Amino acid sequence: MAQKAAVQPSEETLSLWKREQARLKALLVDRDTEAWQRDPAFSGLRRVGGVDVSFVKGDCVSACASLVVLSYPELEVVYEESRMISLTAPYISGFLAFREVPFLVDAVRQLQEKEPSLMPQVLLVDGNGVLHHRGFGVACHLGILTELPCIGVAKKLLQVDGLENSAAHKEKIRLLRAGGDVFPLTGSSGTVLGMALKSHDHSTKPLYVSVGHKISLEAAVRLTRCCCRFRVPEPVRQADIRSREYIRRTLGHSGPPVPGQERSQKGPRPKAHPKGGSAGLAGEGRHPEDLSRGPGADPEATQLGCWEQQGRAWQSPGPGHHEDSNCRPSTPASGW
DNA sequence: GCGACAG
DNA sequence: ATCTTGTCGC
């Protein structure tokens, strides 16, 4: 088995990746392109997609990629596609897309072939958009390759362009009052790269929302907020839940025969905080739906293992598409 | 050597 | 990302 994912890319590869990001970044559209994005109630929006990749514990190549589509505004899952994959690139901060995006593009392509009528009108991506080292995170990358509006939703602040998880930053978080409250993430360059969003009244940690593609930051934040039943927006949360469950059901038994399955108490464990912010509990009744998908066998077990070979667009991102330029979002909440 | 490090 | 148990709260 090609366990390429463990190998660190050479400097040459990283250079190529950077050039690829720069090339695709030129095609990025960071404003609203769809009518529903401008509507206060998102009228016209019916399907919101979410993607995520979950990993197998002791394995650095096996993972499960999921794409879900939820109805809007009901937020009910109307489509799910989960599939085992073999990762070929390692995780490197700033290059997440080269690890996950090829599989997510595959999932979108499969949906297009199987149920084109369920194609989402926007995708929420687990990770950043323009809030990125070179302004081109995984949400931008996926947006460009699929031509779909995308929103980056990260759970931790990526410290770039002067942004840091400093005491001052934590203080701003502390000042967020109710769900929907936000504050801008302004890089030292003066550009607003994204917004920290308190997605739920009782969530302590904010979400870091940024533009992926074909949507304005204002609409991205507003929609993310509208998709939150819990801290993490439903589309991403469902993709996460289902990808993990797929792994558990697929190889949960013959799983990782890794050593050290001994239970031991190592390291400090936080005692229960009397006033902790537990905003992610989900009693959530999951239906024992038939996830009878194909076997775990991967069609192309013959991974050529060449990173450079991935990332090809499956649709030629041609020019065109412009709506209007007079964007006048009627200042929503505090912060802008 | 030290700190950072989306997922 | 993943492991890990209980606990507090609606």
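Quick note on labels: first sequence line is chain A, next is B, and so on, each numbered from 1. What you are looking at is a predicted structure, and each value in this text was computed from that prediction instead of being measured.
Within the 4.0 angstrom heavy-atom criterion, base atoms lie near Gly94(A). At the heavy-atom level, Tyr91(A) lies under 4.0 Å from base atoms of the strands shown.
Rounded to a whole Å, the CZ atom of Arg231(A) is 20 Å from the P atom of dG9(C). For the pair Glu100(A) CD and dA6(B) C1', the computed distance is 9 Å after rounding to whole Å. Look at CG on Asp52(A): it is 8 Å from C1' on dG7(B), rounded to the nearest Å. As a whole-Å value, the separation of His133(A) NE2 from dC5(B) C1' is 8 Å. Distance CG (Leu87(A)) to P (dT2(C)): 12 Å, rounded to an integer number of Å. Between Arg134(A) atom CZ and dC5(B) atom P the separation is 14 Å, expressed in whole Å. Distance Lys205(A) NZ to dA6(B) C1': 12 Å, rounded to the nearest Å. Rounded to whole Å, the distance from CE on Met195(A) to P on dA6(B) is 22 Å.
Asp181(A) contributes a side-chain N or O that, together with a main-chain N or O of Ala178(A), makes up a donor-acceptor pair within less than 3.5 Å.
Put simply, Arg244(A) has a side-chain N or O that comes within less than 4.0 Å of OP1 or OP2 on dT2(C). In this structure, Lys155(A) reaches the dA1(C) phosphate: one of its side-chain N or O atoms is under 4.0 Å from OP1 or OP2.
The pair Arg177(A)-Asp201(A) fails the salt-bridge criterion, with no side-chain N (NZ, NE, NH1 or NH2) lying under 4.0 Å from an Asp/Glu carboxylate O. Ion pair Arg237(A)/Asp240(A) not flagged as a salt bridge, since none of the NZ, NE, NH1 or NH2 atoms sits closer than 4.0 Å to an Asp/Glu carboxylate oxygen.
Look at the C1' atom in both dT2(C) and dC5(B): the space between them is 16 Å, to the nearest Å.
Remark: Asp126(A), Gly127(A), Asn128(A), His132(A) in residues 121-132 of chain A come within less than 4.0 Å of DNA chain B through at least one heavy atom.
Side-chain atoms of Ser243(A) and Glu245(A) include no donor-acceptor pair closer than 3.5 Å. Defined by atom type and a distance below 3.5 Å, a donor-acceptor pair is present between the side-chain atoms of Asp32(A) and Ser216(A).
Counting only heavy atoms from C-beta outward, the side chains of Leu75(A) and Cys227(A) approach each other to under 4.5 Å. Within the 4.5 Å cutoff, side-chain heavy atoms of Tyr246(A) are placed close to those of Met84(A).
Distances from the side chain of Phe55(A) to the nucleotides dC3(C), dA6(B), dA1(C) place dA1(C) closest. Distance from the side chain of Gln159(A) is smallest to dA4(B) among dA4(B), dT2(C), dG7(B). Of the listed nucleotides (dG7(B), dT2(C), dA6(B)), dT2(C) has the atom at the smallest distance from the side chain of Ser54(A).
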Close N/O contacts between protein and nucleotides 1-3 of chain B (under 3.5 Å):
none

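Gln37(A) meets the side chain to side chain donor-acceptor pair (under 3.5 Å) test with no other residue; sequence neighbours excluded.
Classified by interplanar angle (parallel below 30°, tilted 30° to 60°, perpendicular above 60°), the ring pair Phe95(A)/Trp17(A) is tilted.
Annotation: cation-pi geometry not satisfied between Arg83(A) and Phe103(A) (NZ/CZ under 6.0 angstrom from ring centroid, within 45° of ring axis).
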